[in-house]
Enquirer: 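First the structure, which I've put down as C-alpha cells, then a few questions once you've had a look.
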Amino acid sequence: MEIFKGFSQNLCRAVALQLIEGKIAPMNSPSIKHEGWLYGLAFLIALALRFVALGATPLTDSEATLALQSLALTRGESPLLAPQSAYILFTAALFAIMESANFLARFLPALAGSMLVLAPYFFREKIPPRPALILAFLFAFDPGLVTLSRQANGTMFAVTSLLFAWAMWNHKRFIPAGIFAGLALLSGPSLWAGLLALGLTYLFIRGMKPRNPGTEPSPESSETPIENQESSTLRQSSGQVSSLQPPASNSPVSNLQSPITNPQLLISFTATLLLCGTLFFLAPNGLSAALSSLPAYLSGWVAQAGVPPWRMTLTFLFYEPLGILLAALAIIRAARANGKRAKRLTIWLGVALLLAVFYRQPGALVWVVVPLLTLAALELARVVEIRREEYSEVGIVTLAILILLVYISFTVSNLGLNPFSQPATLPLIGTVDNPPLAVLISSFAILLVCVALVALGWSARIARLAATIALAAFVSLYTLATAWGASGLRYPDGFELWMVDSKPVQAELLLASVNDISEFSLGHDQSQPVLIVGIDSPALEWVLRNHSVKVVSALDPQTSPPLFITPVMDNPGLPAAYRGQDFTWRAQPQWEILQSTDWISWLVFRKLPVESETVILWARDDLFPDARSSGQP
C-alpha cells in the first residue's frame, strides 16, 4: 500500500506539471457526463433567443447611427467613426459581402452574445464544473444579455472579448489572449466600464487585507473573484490540492499581473489592432476611433443625457430577479461561513452596480450581470443538494408554494388588465376599493403563513429548501418569459428598459409608401430621392437608405422636391401642389406621469403611456397617376 500510495502521489505531481505547462488539457469534470454536449446545448439556446426574428424590428436612432457609418464605408465614403471600431468595421464587411439589412446590422452583436455562454468552460480551474455549466445556461437565458445581444452596438463585443482574453491569459495561451485583448480594445467605451469595475474591486480587496510583512499570502487567500469557495472540492477531485494550478496573486485581476512583454502576446495584440482596427488597411480612421473610446467613456460621466438612477435600479430589479435571489442566498452563506471567493464576488458586484447606476447607461449593467450570475450559479449548485429521505416532503411543500405563486402571477396579470376595478365585498375582508390588489396582498400573506407553519410544525430545513426551490423555479419561468419578450416575439411594440431610445413605430408603413410612390412615378421603387426636413433621426435615414436621402434644416421655398418628410405642418408653402400623409414615427414613454398601475401593466404587457412624434410624408401632386391623367400641373 505504501508503494502504491507513493506511486499515486508521484503520478499526480507529474500530471500537475504537465497541466501547468499546458501539455495536457485539464480534466476536472469527471462527474459531468456529456459536458461538451451540454455546453453545445446552452450555445444553441443562446443562438435561438438572440437570432430569432432579429431583423423584424427597425433600428433605433442609436443603432442606426453606427449602422449608417458601416454603410458609408461600403459605399467608399470616409465618415467620422464612432469609438466602436469593431462593430462598425466588421458590420461594414458584412454589408459589402451581402446587403445592408436590420438582421445583418445586429448579426455580430448577437453572435458575440451567444459566444459568451462558452466563457465559463474556460474558467473551470476557477469555478467547479457543475457551477460553470449552470453559469453557461444562465448566460444563455438571461434577459439582460439577450436584450443587449440584440442591439446593434459594441457592448457584447467588449464583454465577450474581455472574458475570453482573461481566460486565454489564465491558460497561458498568449496568441488568442492578444487577439481577444485587441478586439476588446476595439469594442468601444463599454470595455472601460468593465476594466474600471475590476480595478476598483482589486483596490478594495487589497485594502481590506491585513498587512503583515512577515506572513506570505497562502494560495487559499489569492483567488480571483471568478473563483469560489468550492475550490477545495475541485482540487481534491482533480488529484492534488495545490499542485494542479499555477500560483495566483491576490486580486480579482490576478491573471493580468503576469509579464506583458511576452512576444506572442504583443505581436498578436498589435496585429489585431492594426488589421482589425483598420479593416485590413481599408479604413485607417478605425484605429483612431478605437483610441478615442476612453475619452468617450469619461465624457459619459458628465453628459447631461442619460437614464436616471431610479430607472437603472428598476432595470436591474425587473430583469435579474433570479440572479438577485440566488446571489442574495450566496452572500448570506458567505457571511456565515467566511467564504472568501463569494465575498470578493460580492465586492465586484457592488462596485459594478454602483458604477453602472451612476453612469446612467443601461448597457453598463452588463458588467453587473457577470458577477451576479456567477454567484447565482454557485448557489444554485448547492440548492439541489437534498437528502434522499427529504424528497417527498420537499416535493410536496414545493408544489404547494408553486401553486400559490402561479395564483399570485394570475392576480398580477388581472391587475395589469384592470388597474381601476370597481369596489367589491370580499369574504373575511369586507368592502375594498381595489379587489385584485386586496387579493394579491392576501395571497402573499397566505404564502408567508404556509411557509411559517411548515417551518414550525415540520422542519425549518424543509421549509427553507422548498421555498428556495419553488421561488427559483418560478423566477426562472419569469426570466425565461422575460428573455422571450426581449427577443421581440411576444410584444413587438413593447418597450424594454434596457433600450436607450425607442423604436420607430410605423417605419415599414412609411417605407412602403415611399416605395409605392417611387414605383408608379418612375417605374422603380427606389428611384425617387427623399428630402428630410427638420428631423434629427438616424433611424429615418437608415429606413430610407436605398433611396437618395438628403437632410436639411429648412425647405428652400424656390424648389419643389418630389418627396420630402417634415414634422407636423399644415402646408409646406412651395410652388407646386403636394399631398401629405402623417405617420407615427417615435413613441417615448412619459416617465414623469407614470403611476404604480402603469408599472404593473408594463410588467405584464410591456406597455407604458407614451408621447408620440408624428412626421408627414409629402409627395408632389404630379407623381400620382390620377393627377397626371387629369392634366394637373
Side-chain angles (χ1 to χ4, degrees), residues 120 127 130-131 133-147 225 228-230 312-337 339 341-343 345-350 352-353 356-357 365-366 368-386 394 397-409 412 440 443-444 447-448 450-452 454-455 460-486 497-498 599 603:
I127 308 177
R130 185 169 60 176
L133 184 59
I134 293 174
L135 181 58
F137 280 92
L138 291 178
F139 280 165
F141 284 107
D142 184 75
L145 295 180
V146 171
T147 306
N228 59 80
Q229 53 196 13
E230 294 184 0
M312 296 287 294
T313 305
L314 288 181
T315 301
F316 179 65
L317 294 176
F318 283 146
Y319 285 87
E320 305 297 334
L322 178 62
I324 292 173
L325 170 65
L326 295 174
L329 295 176
I331 293 171
I332 294 173
R333 186 189 302 274
R336 292 177 176 178
R341 293 177 182 83
K343 287 183 177 180
L345 276 168
T346 303
I347 295 175
W348 185 11
L349 171 63
L353 181 59
V357 167
L365 286 172
V366 70
V368 184
V369 173
V370 175
L372 178 76
L373 295 186
T374 304
L375 282 168
L378 296 174
E379 183 63 23
L380 191 58
R382 291 176 175 271
V383 168
V384 296
E385 296 177 357
I386 306 173
V394 173
V397 179
T398 300
L399 180 61
I401 296 176
L402 276 175
I403 292 174
L404 282 173
L405 289 174
V406 170
Y407 179 77
I408 289 173
S409 68
V412 173
L440 178 63
S443 302
F444 275 112
L447 176 62
L448 295 176
C450 290
V451 175
V454 171
R461 172 179 168 82
I462 297 296
R464 178 178 58 83
L465 287 175
T468 302
I469 294 173
L471 282 173
F474 179 77
V475 177
S476 297
L477 292 176
Y478 168 82
T479 300
L480 179 60
T482 305
W484 185 256
L497 295 180
W498 287 89
W599 283 111
L603 190 64

Enquirer: Do you know which two heavy atoms are closest between Phe318 and Leu497, and how far apart they sit?
Expert: CD1-CD1, 4.0 Å
Enquirer: Please report the closest heavy-atom contact between Gly323 and Leu373, naming both atoms and the distance.
Expert: CA-CD2, 4.3 Å
Enquirer: Tell me every residue that passes side chain to side chain contact (heavy atoms under 4.5 Å, CB included) with Leu399, counting only those two or more places apart in sequence or in another chain.
Expert: Ile403
Enquirer: Which distance, rounded to the nearest 0.5 Å, do you find between the CG of Leu322 and the CG of Leu477?
Expert: 10.0 Å
Enquirer: Find out whether Leu375 and Leu326 are in side-chain contact, i.e. whether some heavy atom of one side chain is under 4.5 Å from a heavy atom of the other.
Expert: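 A side-chain contact is absent here, since even the closest heavy-atom pair is not under 4.5 Å.
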Enquirer: List in chain and number order the residues that pass side chain to side chain contact (heavy atoms under 4.5 Å, CB included) with Leu317, two or more places apart in sequence or in another chain; answer none if no residue qualifies.
Expert: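 Leu317: side chain to side chain contact (heavy atoms under 4.5 Å, CB included) contacts with Thr313, Ile324.
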Enquirer: For Leu138 and Ala376, which heavy atoms make the closest approach, and how far apart are they?
Expert: CD1-CB, 4.1 Å
Enquirer: What closest approach, in Å, do Pro120 and Ala136 show between heavy atoms, and which atom pair accounts for it?
Expert: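 Taking every non-hydrogen atom into account, CG-N, 3.9 Å.
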Enquirer: If you compare all heavy atoms of Thr479 against all heavy atoms of Pro321, which two are closest, and at what distance to 0.1 Å?
Expert: OG1-CG, 4.4 Å
Enquirer: To the nearest 0.5 Å, tell me how far Leu378 CG sits from Ile127 CD1.
Expert: 6.5 Å
Enquirer: About how many Å separate CG of Leu365 and CZ of Phe316, when rounded to the nearest 0.5 Å?
Expert: 7.5 Å
Enquirer: Which label fits Tyr319 and Trp498: parallel for a plane angle under 30°, tilted from 30 to 60°, or perpendicular past 60°?
Expert: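 Aromatic pair Tyr319/Trp498 classed perpendicular.
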Enquirer: Roughly how far, to the nearest 0.5 Å, is OG of Ser476 from CD1 of Ile469?
Expert: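 Interatomic distance, Ile469 CD1 to Ser476 OG, rounded to 0.5 Å: 11.5 Å.
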Enquirer: Less than 4.5 Å apart, side chain to side chain, heavy atoms only: is that true for Trp348 and Val370?
Expert: yes
Enquirer: Pick from Ile408, Leu405, Leu404: which one makes a side-chain contact (heavy atoms from CB on, under 4.5 Å) with Ser443?
Expert: Ile408
Enquirer: Could you measure the distance from the CD atom of Glu320 to the CG atom of Leu145? Nearest 0.5 Å is fine.
Expert: 7.0 Å
Enquirer: Could you state the interatomic distance from OG1 (Thr346) to CG (Leu353), rounded to the nearest 0.5 Å?
Expert: 12.0 Å
Enquirer: Is any side-chain heavy atom of Leu345 less than 4.5 Å from a side-chain heavy atom of Leu372?
Expert: no
Enquirer: A side-chain contact here means heavy atoms from C-beta on lying under 4.5 Å apart; do Leu133 and Phe137 qualify?
Expert: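 Contact flag for Leu133/Phe137 side chains = yes.
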Enquirer: How far apart are the closest heavy atoms of Pro143 and Thr482, and which atoms are they?
Expert: CB-CG2, 3.5 Å
